[in-house]
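Naming: A, B, ... by sequence-line order, numbering from 1 per chain.
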Protein chains: 2
Amino acid sequence: MSGTDTARRLVEATQELLWERGYVGTSPRAIQQRAGAGQGSMYHHFGGKPDLARAAVRRSAAQVREAADAVLAREGSARERVRAYLEREREVLRGCRVGGLAQDPDVVADPELRAPLAETFTWLRGRLADVLEEGRAGGEFGPGLDTAGTAAAIVAVVQGGYVLARSAGEPGPFHEAADGLLALLDAHAARATPAS
Amino acid sequence: MSGTDTARRLVEATQELLWERGYVGTSPRAIQQRAGAGQGSMYHHFGGKPDLARAAVRRSAAQVREAADAVLAREGSARERVRAYLEREREVLRGCRVGGLAQDPDVVADPELRAPLAETFTWLRGRLADVLEEGRAGGEFGPGLDTAGTAAAIVAVVQGGYVLARSAGEPGPFHEAADGLLALLDAHAARATPAS
DNA sequence: GTCTATATATAGATAGAC
DNA sequence: GTCTATCTATATATAGAC
């Protein structure tokens with residue numbers, strides 16, 4: 001079972017390094033050191049860096065989807081669940097474990113590496129669209145709300161918010177963008193239920 | 001003058017490579033080959049890769065600001081200028097020359113490399129907020145429009161739209177997010193001038 | 001200003017002992 | 001399963017000739 005444990009540690013170390021340094025910035029040597037595993041060990045369990053990266057990216061993508069679903073499945077209005085999703089984000093300056101990899105040309109060029117990214121964002125947009133649709137059906141938003149487009153905008157604001165925050169060196173811009181989007185969504189809610 | 005020309009070609013080659021492969025993925029060797037310059041030439045004009053990268057990032061940032069201002073300074077309503085900015089984007093799958101660098105840890109860790117990114121997005125958010133403010137003053141939007149927050153959301157949707165598009169392998173998600181945001185903004189416009 | 005030679009470190013992996 | 005030795009290529013630069 002020690003072997004299985006080593007394989008798991010190698011994948012986890014790769015996940016961390018991919019998050020921090022991207023694919024091109026992650027070396028087999030760094031993975032081995034962080035996992036506390038030797039070279040022979042790594043090449044015994046995995047075919048090499050691309051093989052390890054594929055396992056790591058699949059796992060990170062699954063974790064991101066799970067974390068998002070945990071927030072979106074909570075009780076509350078659609079507006080409240082969207083707000084919770086936008087404000088759930090932590091460690092803004094670290095960026096997104098999955099979205100950050102889209103910047104790497106070697107990732108987008110490899111179908112097996114890119115697939116988990118595509119699946120994650122397709123799923124997330126659909127999940128958010130479902131939440132918005134529930135809200136619209138319940139009269140929370142006006143009937144004209146473009147649920148699919150709004151869902152795509154929400155996901156984009158989060159991913160772009162990371163870019164703005166990392167560029168600024170502080171998390172402020174992430175929250176400004178998220179709050180700005182929520183305020184726009186509230187205008188739609190106000191139309192459905194005019195203020196007293 | 002040949003030296004000046006070589007220096008310019010080195011900077012331009014570095015700009016292209018930073019856009020395509022990021023900082024960590026760009027080698028001095030690749031820069032020299034793309035610029036058609038020798039090693040001695042490169043190290044005569046620049047102190048090394050970080051020095052060259054600083055010049056290249058500053059130039060790319062200035063070009064991005066110039067291109068954005070060209071669109072935002074055009075004639076038309078605020079809504080129309082925001083739409084023009086969102087739809088101006090080309091070559092979506094290549095991403096943003098400036099925002100893409102925010103993913104690189106070596107870029108955000110170097111104050112001189114990160115500064116042009118911070119300046120670009122601070123300027124862009126302010127420029128968009130000004131456009132929205134003009135629209136609000138002219139009665140185009142309701143008085144409750146959060147111009148600064150909306151501006152941040154617009155910039156984030158563009159940067160995040162690139163992430164979604166590159167993840168998907170096709171530009172569709174970029175445009176879906178942009179259209180979704182515009183539709184939300186239109187709800188605010190509709191409140192200012194109720195539909196007949 | 002540009003060229004070629006040289007130098008150290010790391011990337012990424014294979015081979016074979018244990 | 002893990003370890004050490006070894007290997008080729010590249011990253012990133014410096015030195016000094018021309």
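- Taking every heavy atom of both residues into account, A:Val24 and B:Arg21 meet most closely at CG2-NH2, 4.5 Å.
- Cluster annotation: A:Val98 is not connected to A:Leu17 through the hydrophobic network of ILVMFWY side chains, with a link wherever side-chain heavy atoms come within less than 4.5 Å.
- Side-chain atoms of A:Gln39 and base atoms of C:dA15 include no donor and acceptor less than 3.5 Å apart.
- Mapping B:Gly38 and A:Lys49 onto DNA chain C via the closest heavy atom, the residue that lands nearer the 5' end is B:Gly38.
- Toward the 5' end of DNA chain C, the nearer of the two residues A:Gly47 and B:Ser41, judged by each one's closest nucleotide, is B:Ser41.
- Rounded to an integer number of Å, the gap from A:Phe46 CZ to C:dA13 C1' is 16 Å.
- Between A:Asp51 atom CG and C:dA13 atom C1' there is a gap of 14 Å when expressed in whole angstrom units.
- D:dT10 atom C1' lies 13 Å from atom CZ of B:Arg21, rounded to whole Å.
- Between B:Arg8 and B:Asp5, at least one side-chain nitrogen of the basic residue sits less than 4.0 Å from a carboxylate oxygen of the acidic one, meeting the salt-bridge criterion.
- Within the 4.0 Å cut-off from OP1 or OP2 of C:dT2, at least one side-chain nitrogen or oxygen of B:Thr6 is found.
- For B:Glu134 and B:Arg81, the salt-bridge test passes: some basic side-chain N is under 4.0 Å from an acidic carboxylate O.
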Please evaluate residues A:Arg79 and A:Glu140 with respect to the criterion salt bridge (Lys or Arg N to Asp or Glu O under 4.0 Å), reporting the C-alpha separation (whole Å), side-chain torsions for both, the decisive distance (0.1 Å), and the verdict. CA-CA 8 Å; A:Arg79 197 268 183 193; A:Glu140 193 180 337; over 6 Å; no

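- Using a cutoff of 4.0 Å between basic side-chain nitrogens and carboxylate oxygens, A:Arg125 and B:Glu176 are scored as salt-bridged.
- Listed pair A:His44 / D:dC3 fails the phosphate criterion, with no side-chain N or O lying under 4.0 Å from OP1 or OP2.
- Straight-line distance from the CG atom of B:Asp106 to the P atom of D:dA11: 15 Å, rounded to whole Å.
- Applying a 4.0 Å cut-off to non-hydrogen atoms, the residues of residues 23-35 of chain B that approach DNA chain D are B:Thr26, B:Ser27, B:Pro28, B:Arg29, listed by residue number.
- At distances below 3.5 Å, not a single donor-acceptor pair connects side-chain atoms of A:Asp179 with backbone N or O atoms of B:Gly149.
- Per the geometry, OH belonging to A:Tyr43 stands 13 Å off C1' belonging to C:dA15, to the nearest Å.
- Rounded to whole Å, atom P of D:dA11 lies 12 Å from atom CE of B:Met42.
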